[in-house]
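Let me begin by presenting the structure, written as structure tokens, before commenting on it.
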Amino acid sequence: MDTPLHTIAVVGLGTMGTGIAEVLARAGREVIGIDVSDAAARQAVTALEASTARAVERERITEEERRNTLARFRTFSDLQAAADADLVIEVVPESYEAKQQVFRELDSVVRPDTILATGTNALSVTRLAAESQRPERVLGLHFFNPAPAMKLVEVVSSVLTSPKAVEAVTALARELGKQPVAVGDRPGFIADGLLFGYLNQAAAMYEARYASREDIDAAMKLGCGLPMGPLALLDLIGIDTARTVLDAMYAASHDRLHAPAPILGQLSEAGLTGRKAGRGFYTYAAPGSAEVVTDALTPLGTAAAATGREIRSVGVAGSGTMASGIAEVFAKAGYDVVLAARSLEKAEVAKGLITKSLRRSVARGRMAEEAMEATLARITPAGSLDAFSDVDLAVEAVAEDLEIKQQLFATLDKVCKQGAVLATTTSSLPVVACARATSRPQDVIGMHFFNPAPAMKLVEIVRTVLTADDVHATVREVTTRIRKHPVDCGDRAGFIVNALLFPYLNNAIKMVEEHYASLDDIDAAMKLGGGYPMGPFELLDVVGLDVSLAIEKVLHQEFRDPGLAPAPLLEHLVAAGCLGRKTGRGFREYARR
């Protein structure tokens with residue numbers, strides 16, 4: 001298999017096939033486009049003409065380069081056209097029957113040394129290879145949509161694949177300007193294997209009416225920096241496609257997290273498959289449109305469920321990064337803030353952190369000196385919770401330990417005036433357990449800020465079954481006034497963000513445990529293929545492996561799902577004191593400062 005991959009056939013000229021053909025033709029390859037539909041072939045040519053014309057307008061290529069690119073792309077309706085191809089990439093519909101038929105026909109058409117690649121993201125490459133007369137030349141070549149823009153290519157080997165074939169397509173991917181990652185044959189490979197489990201859990205969360213579709217999507221965009229929320233992404237991918245991928249994943253893993261949420265089947269059967277149908281989780285202006293339009297499930301936005309309480313002063317309990325960040329947020333929004341710690345000295349240190357943060361804002365031109373001075377003047381350090389006697393809202397941001405928080409709430413119950421709202425910033429503990437430590441559980445609610453609080457826009461508003469309506473209304477209104485985005489959820493482990501984020505991180509660790517892929521390849525796959533700002537192992541090391549393990553344990557204990565059990569590798573690293581960046585070693589090693 002030493003033949004250079006110069007002439008390449010692409011079988012199936014839908015959106016993905018056309019995109020792959022464009023990438024190849026622009027990189028100087030002779031491309032043979034094959035589709036049984038003449039209309040699809042014509043559309044592929046039209047699409048290539050339009051995209052290359054735009055590239056000329058933007059001065060990315062010359063007119064001569066455009067003409068040469070178009071000349072390198074020819075279309076046919078018969079697989080016989082692939083006879084002289086060095087590589088054939090099939091991207092026909094995601095069906096064993098359809099793909100196996102293509103491979104069987106290609107066996108009698110192509111040369112013995114021609115490499116056959118499947119573009120599947122859900123089906124077994126091994127099973128497809130077994131149908132070929134030369135299974136050693138069959139592999140997976142999974143591009144991401146849109147192929148011209150997305151840098152990731154997963155190169156999938158079966159136990160039958162020749163290393164030379166893998167080397168050849170890996171070299172091709174690099175020559176195309178892509179980043180290839182090597183993976184074994186399992187449904188979803190790396191990126192989709194991690195992504196679709198997360199999407200499935202988001203669908204199940206919505207189906208259980210735990211949170212609205214808008215709040216689930218906003219939480220994951222604002223809390224994790226993702227380009228799209230999971231339900232909007234399912235609509236973009238196609239709900240029927242997602243269900244097919246999950247079915248394949250579940251057949252291989254038998255992991256309940258991969259069992260398609262019933263709502264995916266219901267929407268698919270009803271023809272509500274997402275953007276392409278004009279309706280899925282959301283409703284769109286027209287089939288194929290990206291414009292979301294109002295429907296019966298759209299929140300009214302202006303209607304308040306109850307009248308909130310007046311909030312003029314805020315107490316923040318704690319002296320760490322989160323407490324100082326929250327105090328800064330409230331003070332910048334014009335609230336008088338009492339910042340209480342276990343001693344006045346600790347409270348002064350916490351205010352010092354705020355001063356440094358504000359000075360950075362001034363230095364960067366984001367804040368005027370006068371505004372900084374006014375903000376600092378609104379913050380009063382205190383060495384005791386007794387200073388909270390007149391605050392309208394008390395927010396605790398102390399250690400993530402239930403006993404400590406319950407003791408603090410018992411003290412707040414005695415110190416705070418009647419009618420004050422009491423809030424916990426817990427990310428994993430039951431809010432109702434804090435509420436029950438008081439004589440006024442109706443006044444207790446969760447306000448889960450994200451770190452760093454001054455920068456992160458999301459606040460999860462966590463109601464318990466005892467929280468009063470006016471308390472909920474108060475906290476939503478206050479959250480908006482401090483220029484954060486509130487999302488509503490119930491009092492269960494992980495709330496929205498952590499309940500969706502940490503199973504995904506845990507599954508990434510399991511991939512490494514199983515020697516399926518390397519840390520670097522998994523991180524690259526999720527950044528390049530999923531649009532994540534950080535790879536899972538980068539994120540785990542930043543969050544802290546001990547913190548991550550604690551959240552995983554809480555999720556497992558709450559939902560009792562075997563798939564949520566913390567990966568043993570995570571437990572071993574924590575036991576060894578390898579907690580991430582803060583200790584200099586986690587999944588990776590870091591230079592000591």
Output the distance between atom CZ (Phe587) and atom CG (Leu569), rounded to the nearest 0.5 Å. 5.0 Å
Verify the ring-centre separation between Tyr198 and Phe502: is it less than 6.0 angstrom? no
Show the numbers, then the answer: is there a side-chain contact (heavy atoms from CB on, under 4.5 Å) between Arg463 and Asp488? CA-CA 8 Å; Arg463 291 190 70 161; Asp488 287 324; 5.6 Å; no
For Ser132, the side chain to side chain donor-acceptor pair (under 3.5 Å) test, sequence neighbours excluded, returns Asp107
Write down the atom of Ala203, the atom of Leu264, and the distance for their closest heavy-atom approach. CB-CD2, 4.0 Å
Could you tell me whether the side chain of Lys99 reaches within less than 4.5 Å of the side chain of Glu94, counting heavy atoms only? yes
Side chains of Glu400 and Thr426 only: does a donor on one sit below 3.5 Å from an acceptor on the other? yes
Does the side chain of Asn200 reach to within under 4.5 Å of the side chain of Leu257, using non-hydrogen atoms? no
With side chains defined as the heavy atoms from C-beta onward, is the minimum distance between Ser162 and Arg137 less than 4.5 Å? no
Working to the nearest 0.5 Å, report the span between SG of Cys434 and CG of Leu429. 6.5 Å
Evaluate Lys484 against Leu222 for side-chain contact (heavy atoms from CB on, under 4.5 Å), listing each step before the verdict. CA-CA 10 Å; Lys484 302 298 182 186; Leu222 298 175; over 6 Å; no
Give a yes or no on whether the backbone of Asp240 and the side-chain of Thr273 come within a donor-acceptor separation of less than 3.5 Å. no
Do Leu226 and Leu233 touch side chain to side chain, with heavy atoms closer than 4.5 Å? no
Hey, could you give me the CG/CD distance between Leu501 and Gln201, rounded to the nearest 0.5 Å? 10.5 Å
Heavy-atom pair with the smallest gap, counting every atom of Leu246 and Pro260: CB-CG, 3.7 Å
Between the side chain of Lys178 and the main-chain N/O of Ala147, is any donor-acceptor distance below 3.5 Å? yes
Are side-chain N/O atoms of Asp217 and Tyr206 paired as donor and acceptor at under 3.5 Å? no
According to side-chain hydrogen bond (donor to acceptor under 3.5 Å, both in side chains), does anything in residues 555-581 pair up with another residue at least two apart or in another chain? List the pairs. Arg256-Asp561
Short question: side chain of Arg213, backbone of Phe281 - any donor-acceptor pair under 3.5 Å? yes
Could I get the full list of side-chain contact (heavy atoms from CB on, under 4.5 Å) partners for Ile404, not counting sequence neighbours? Val398, Ala399, Asp401
Under a 3.5 Å distance rule, please check whether Lys405 uses its side chain to pair with a backbone N or O of Val431 as donor and acceptor. no
Partner set under side-chain contact (heavy atoms from CB on, under 4.5 Å) for Arg174, not counting sequence neighbours: Thr170, Pro180
Tyr250 vs His254 aromatic rings, parallel, tilted or perpendicular, using cut-offs 30° and 60°? perpendicular
Hey, does Val155 have a side-chain heavy atom less than 4.5 Å from the side chain of Phe189? no
If we only count heavy atoms from C-beta on, is the Asp235 to Leu231 side-chain gap below 4.5 Å? no
Arg588 atom CZ, neighbour heavy-atom count above 12 within 6.0 Å: yes
Check ion pair Glu514-Arg186 (N to O, under 4.0 angstrom): yes
Residue pairs involving residues 525-548 (criterion salt bridge (Lys or Arg N to Asp or Glu O under 4.0 Å); sequence neighbours excluded): Lys527-Glu538, Asp546-Lys582
Taking the six-membered ring of Tyr96, is NZ or CZ of Arg127 closer than 6.0 Å to its centre and within 45° of its axis? yes
First locate atom CD of Glu136, then atom CD1 of Ile115, and finally report the distance between them rounded to the nearest 0.5 Å. 10.5 Å
Under a 3.5 Å distance rule, please check whether Glu154 uses its side chain to pair with a backbone N or O of Ile190 as donor and acceptor. yes
Kindly compute the distance separating CZ (Arg275) from CD1 (Ile237), expressed to the nearest 0.5 Å. 10.5 Å
Surrounding NZ of Lys553 (heavy atoms of other residues, nucleotides or ligands, distance under 6.0 Å), is the total greater than 12? no
Ala211 to Ile496 - nearest heavy-atom pair and separation: CB-CD1, 3.8 Å
Of the non-hydrogen atoms in Val543 and Ser548, which two are nearest, and what is the gap between them? CG1-OG, 3.7 Å
Quick one: does Asp521's side chain have a donor or acceptor within less than 3.5 Å of a partner on Val183's backbone? no
Verify whether one side chain among Thr118 and Glu90 offers a donor that lies under 3.5 Å from an acceptor in the other. yes
With no hydrogens and no angle check, do the side chains of Thr241 and Thr244 hold a donor and an acceptor under 3.5 Å apart? no
Any donor-acceptor pair under 3.5 Å linking the side chain of Ser319 with the backbone of Ala341? no
Any luck finding a side-chain donor-acceptor pair between Thr126 and Asp185 under 3.5 Å? yes
Whether the Thr321 and Asn451 side chains hold a donor-acceptor pair (N or O, under 3.5 Å, no angle test) is what I'd like checked. no
Derivation and outcome, side-chain contact (heavy atoms from CB on, under 4.5 Å), residues Leu458 and Met220: CA-CA 9 Å; Leu458 181 69; Met220 298 313 293; over 6 Å; no
Taking Thr479 for the side chain and Val475 for the main chain, is one N or O donor matched with an acceptor at less than 3.5 Å? yes
Taking the side chain as C-beta and beyond, is there a heavy-atom pair between Pro566 and Leu549 under 4.5 Å? yes
Donor-acceptor pair, distance only, cut-off 3.5 Å: does the side chain of Gln406 make one with the backbone of Ala433? yes
Roughly how far, to the nearest 0.5 Å, is CG of Leu570 from CD of Glu552? 6.5 Å
As a quick check of understanding, evaluate side-chain contact (heavy atoms from CB on, under 4.5 Å) for His448 and Val459, giving each step before the final call. CA-CA 5 Å; His448 180 212; Val459 177; 5.7 Å; no
Any sub-3.5 Å donor-acceptor pair from Glu460's side-chain atoms to Val497's backbone N or O? yes
Distance under 6.0 Å and angle within 45° of ring axis: Arg492 vs Tyr210: yes
Tell me, do Val88 and Ile8 make a side-chain contact under 4.5 Å, heavy atoms counted? no
Looking only at heavy atoms, the pair that brings Pro227 and Gly531 closest together is CD-O, 3.2 Å
Taking side-chain contact (heavy atoms from CB on, under 4.5 Å) as the test, write out the residues that go with Ala98, two or more places apart. Val92, Ser95
Can you tell me if NZ on Lys276 sees more than 12 non-hydrogen neighbours from other groups inside 6.0 Å? yes
Identify the two heavy atoms, one from Leu408 and one from Ala317, that lie closest to each other, and give their separation to 0.1 Å. CD1-CB, 4.0 Å
